[in-house]
Each structure stands twice: as C-alpha cells, then as structure tokens.
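Notes follow once the structure below has been shown.
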Amino acid sequence: MLYAIVSDIHANLAAFEAVLDDIGDSVERTWCLGDLVGYGPDPNECVDLARQRDIICVVGNHDKACLGGLDLIEFNPDARRACRWTMEQLTPENWTFLDNLSEKIVLAEFTLVHGSPRAPVWEYITQPEAAYENMAAFDTRVCLVGHTHVPLAFYLPESARACERRWLSGVGPLDLNAGRWILNPGSVGQPRDGDPAASYMILDDDAMTVEVHRVPYPVEKTQQRMEQAGLPGNLILRLSFGW
Ligand code: ZN
C-alpha cells in the first residue's frame with residue numbers, strides 16, 4: 001500500500017493544500033512527523049486539515065512550544081515571536097488536538113518521530129554519526145524523522161558500523177529492502193535545502209521504496225498572509241529561497 005509522509009507544515013496552508021492536492025486519493029493514509037504549527041500564518045487551518053483528513057501525527061518541538069510546553073529560550077527570536085503569536089491564535093479544539101499528540105508512534109516496520117528516536121522532540125539528524133548512534137534507539141527497520149526540513153536518507157548496511165547519507169530530492173525511488181534506514185521527507189511549509197517547493201514522500205510498503213516529491217505552491221500567498229499577521233520579515237523572506 002501507499003502512504004504519504006509529510007512533515008514540518010509550519011502553518012503554511014498554501015503549501016499544505018498544494019501537497020494534499022498532489023497526493024490526491026492515491027494513498028491509504030497520510031502520516032505527519034510533527035510541527036503542524038509555528039512560523040506560518042494559518043495554524044488553525046492546518047490543524048483543521050490534519051484532523052479532517054485523519055492524518056496520523058506525532059508532536060514536534062514547535063507544536064509543543066506553541067502550547068507553552070517548552071521553554072522558548074531554546075528558540076531564536078523570530079521563532080519565539082511566531083510561537084507567541086500562534087499561541088494566541090489556536091482554538092481550544094486545536095490546542096487539545098496538539099496537546100494529545102504522542103512523541104513516538106510505531107506502525108508495523110516504521111517508527112515515526114519528529115527529531116530523532118533517542119530525543120524525539122529536539123535532536124536534529126544531519127550527520128551520519130548521529131544517525132548511526134540513533135540506530136540503536138528504535139526497533140523497527142525504518143525510522144521516519146522530520147525537524148531538519150531537508151530530505152535525506154541515512155542507510156546502515158547489515159553488520160556495518162557506519163551510516164551512509166543520501167540526498168533524497170530529485171533522485172527517484174529509493175529501495176529500502178536491505179539494511180536499516182532513517183528517512184526524512186523534508187518540509188512542506190518551510191523547505192531548507194535551497195528549493196522553495198514543498199517537499200513530501202510517498203512510501204510503498206509492498207515494494208519497500210520511498211520517493212520524495214516536490215510541489216511548487218504560491219509562496220507569495222503565504223507571504224502576504226504572514227505580513228498581514230505581522231510575523232517576522234526573515235521568516236517571510238526565507239520562503240522565497242528555501243532556506
Ligand atoms: Zn520544523
């Protein structure tokens with residue numbers, strides 16, 4: 001069966017809608033690796049969509065912070081400002097939805113977390129060394145992570161003692177049939193790999209392959225909404241460049 005993996009939507013409704021349109025009804029279910037909110041102008045609309053579509057979600061650091069569940073001192077000033085703004089916007093229903101999300105979900109051969117299996121809310125996996133250390137922190141063959149906003153794969157061949165890192169965007173389907181994997185689908189709402197197009201991944205659990213898809217969306221629509229909301233200029237600008 002096919003599954004769509006999305007992550008780091010960050011209240012970017014135009015990007016989220018474009019990705020959900022691209023997915024259409026081609027998949028059995030959509031999984032989200034956290035950070036539905038934070039940074040962007042439409043937190044309630046994005047949480048509403050996730051709830052309506054029955055998307056399986058884990059919690060991200062921004063989701064937690066926007067509920068007051070994390071010390072904002074860990075955030076840079078722009079993220080902190082966006083977080084405080086989000087906190088004021090969330091409806092009680094959406095607050096409760098985010099508050100009830102788990103840090104880790106295991107579905108058959110797949111572990112879902114936001115950051116890393118050993119530190120689900122905070123750790124960024126960008127380097128093969130950190131990926132290797134994290135291989136001991138989950139029991140399934142594949143772990144799905146978000147948080148860095150960069151589509152990447154880390155591969156541990158059987159009986160190897162180091163991970164290989166592979167770029168996932170623009171390379172076609174990746175075969176997962178051997179070894180163990182940590183996979184990141186990139187970000188829907190704030191890509192950081194130099195490509196402003198929204199990023200998500202399709203998983204085929206019969207063939208055991210994944211493929212990253214990029215979806216251009218009307219960036220300026222989100223930027224206008226951010227300006228209206230008075231969100232920080234750097235957060236508005238970065239969406240044009242994908243950083
Ligand atoms: Zn994020």
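Order of listing sets the numbers, starting from 1, for every ligand and every atom in it. Quick note: residue numbers are just sequence positions, from 1. What you see below is based on every heavy atom in this structure, not just the backbone, and it leaves out hydrogens, waters and symmetry mates.
Counting only residues at least two apart or in different chains, ring pair (Phe, Tyr, Trp, His ring centres under 6.0 Å) contacts with residues 159-185 comprise Tyr155-Trp181.
The two residues Leu33 and His114 come nearest to each other via the heavy atoms O-ND1, 2.7 Å. Closest heavy-atom contact between Cys57 and Leu101: O-CD2, 3.7 Å.
Phe138 carries Arg180 over the face of its six-membered ring, with the cationic atom under 6.0 Å from the centre and within 45° of the normal.
Using a 4.5 Å heavy-atom threshold, the side chains of Phe241 and Pro196 count as separate.
The existence of a salt bridge linking Arg29 and Asp54 is confirmed by a sub-4.0 Å separation between a basic side-chain nitrogen and an acidic carboxylate oxygen.
For the Zn ion (ligand 1), protein N, O or S atoms closer than 2.8 Å were enumerated as Asp8 OD1, His10 NE2, Asp35 OD2, His149 NE2, with waters left out.
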